[in-house]
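The sequence lines fix the lettering, A, B, ..., with proteins before strands; numbering per chain opens at 1. On a predicted model such as this, the values are computed, not experimentally measured, just so you know.
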Protein chains: 2
Amino acid sequence: MTGNPCCPPLAEGTISAADAVDLAAVFKALADPVRLRILSALLAADGQICACDFVTTAGKAQPTVSHHLKVLREAGLVEGARRGTWVWYSVVPSRLADVRRALQTELPTTV
Amino acid sequence: MTGNPCCPPLAEGTISAADAVDLAAVFKALADPVRLRILSALLAADGQICACDFVTTAGKAQPTVSHHLKVLREAGLVEGARRGTWVWYSVVPSRLADVRRALQTELPTTV
DNA sequence: TCCTTGTATCGAGAACTGTCAATACATTGG
DNA sequence: CCAATGTATTGACAGTTCTCGATACAAGGA
């Protein structure tokens, strides 16, 4: 295929394979409506929310909510801290900032 | 669960269920390393690239590349135009801008 | 200690996704 | 019309993800 008349050599500045995998992993964590609503609720609360509230908010069973919180945790997007019986979750703002920055640097547009 | 001593009522300003589904759909299209590399190559080319080049670039079979291009197309992130035998693809910058804006408005942080 | 309540994990089923061989479609050139 | 080349679709398989019931773990109160 290389050297075909239709195709110029690829331009420089493309995302590396490793970076693509990492960035895709974060997008994968964001690619679910339930998780987006959990993140949004956490941000709107301007602080922390206990995990018990997400069950009614998300309209999902408790194990399902726990699963989504685990995905967000493993993506570094939220943190959980136990206070007695309850676990309070909060977003990691710097991680969200990383996503925004990656969008700017890895997929830049002038528009 | 509502009215539990641990949980204050949810704050306003959370993302709607419909918006969460839409935003998650775009993130889902971005949540794959191959598609990220295709987008990056398109942007780095500062114009258009024919589909045939992605086969060698992505290291995937031709039907696989065609599948990923279809996902990106249906997410509104790229457009394809036939020029004779070849199909030239280009990004839709406004769509990428929408993603950035949605990240700012739906998941805002001060950091 | 037992009981209650909140959270996490396990296990299973359904649905979805990435991948590619085979095949069909589209376009150009002879 | 036929052959060649680029692209899209189909079908199948493996792997992953979402979901929830059942269950285990954690912490506090009687």
Open item on the list: With a 4.0 Å cutoff (strictly under), does any side-chain N or O of Y89(B) reach OP1 or OP2 of dA8(D)?
Closed with: yes
TODO: Taking side-chain contact (heavy atoms from CB on, under 4.5 Å) as the test, write out the residues that go with S16(B), two or more places apart.
DONE: A18(B), D19(B)
Task: Selection residues 22-45 of chain A - residue pairs positive for ring-ring contact (aromatic ring centres under 6.0 Å, His included), sequence neighbours left out - done: F27(A)-F27(B)
- [ ] Report the distance from atom OG1 of T14(A) to atom CG of L36(B), rounding to the nearest 0.5 Å.
- [x] 12.0 Å
Open item on the list: Pair L107(A), V91(B) - check side chain to side chain contact (heavy atoms under 4.5 Å, CB included), show working.
Closed with: CA-CA 10 Å; L107(A) 301 178; V91(B) 301; over 6 Å; no
Task: Axis-to-axis angle between the two ends of the helix from dT1(C)-dA30(D) to dG30(C)-dC1(D) (five base pairs per end, rounded to 10 degrees) - done: 10°
Write down the distance between [atom1] ([X]) and [atom2] ([N]), rounded to a whole number of angstrom.
| X | N | atom1 | atom2 | answer |
| --- | --- | --- | --- | --- |
| W86(A) | dT4(C) | CH2 | P | 17 Å |
| D53(B) | dT5(D) | CG | C1' | 15 Å |
| I38(B) | dG18(C) | CD1 | C1' | 12 Å |

Task: Contact list for DNA chain C against residues 74-85 of chain B - heavy-atom distance below 4.0 Å - done: R82(B), G84(B), T85(B)
Task: Residues in contact with DNA chain C, drawn from residues 59-69 of chain A - heavy-atom cutoff 4.0 Å - done: Q62(A), P63(A), S66(A)
Identify all side-chain donor-acceptor contacts of residues 68-81 of chain A below 3.5 Å with residues at least two apart in sequence or on another chain.
{"unit_1": "H68(A)", "atom_1": "ND1", "unit_2": "R35(A)", "atom_2": "NH1", "d": "3.0"}
{"unit_1": "R73(A)", "atom_1": "NH1", "unit_2": "Y89(A)", "atom_2": "OH", "d": "2.5"}

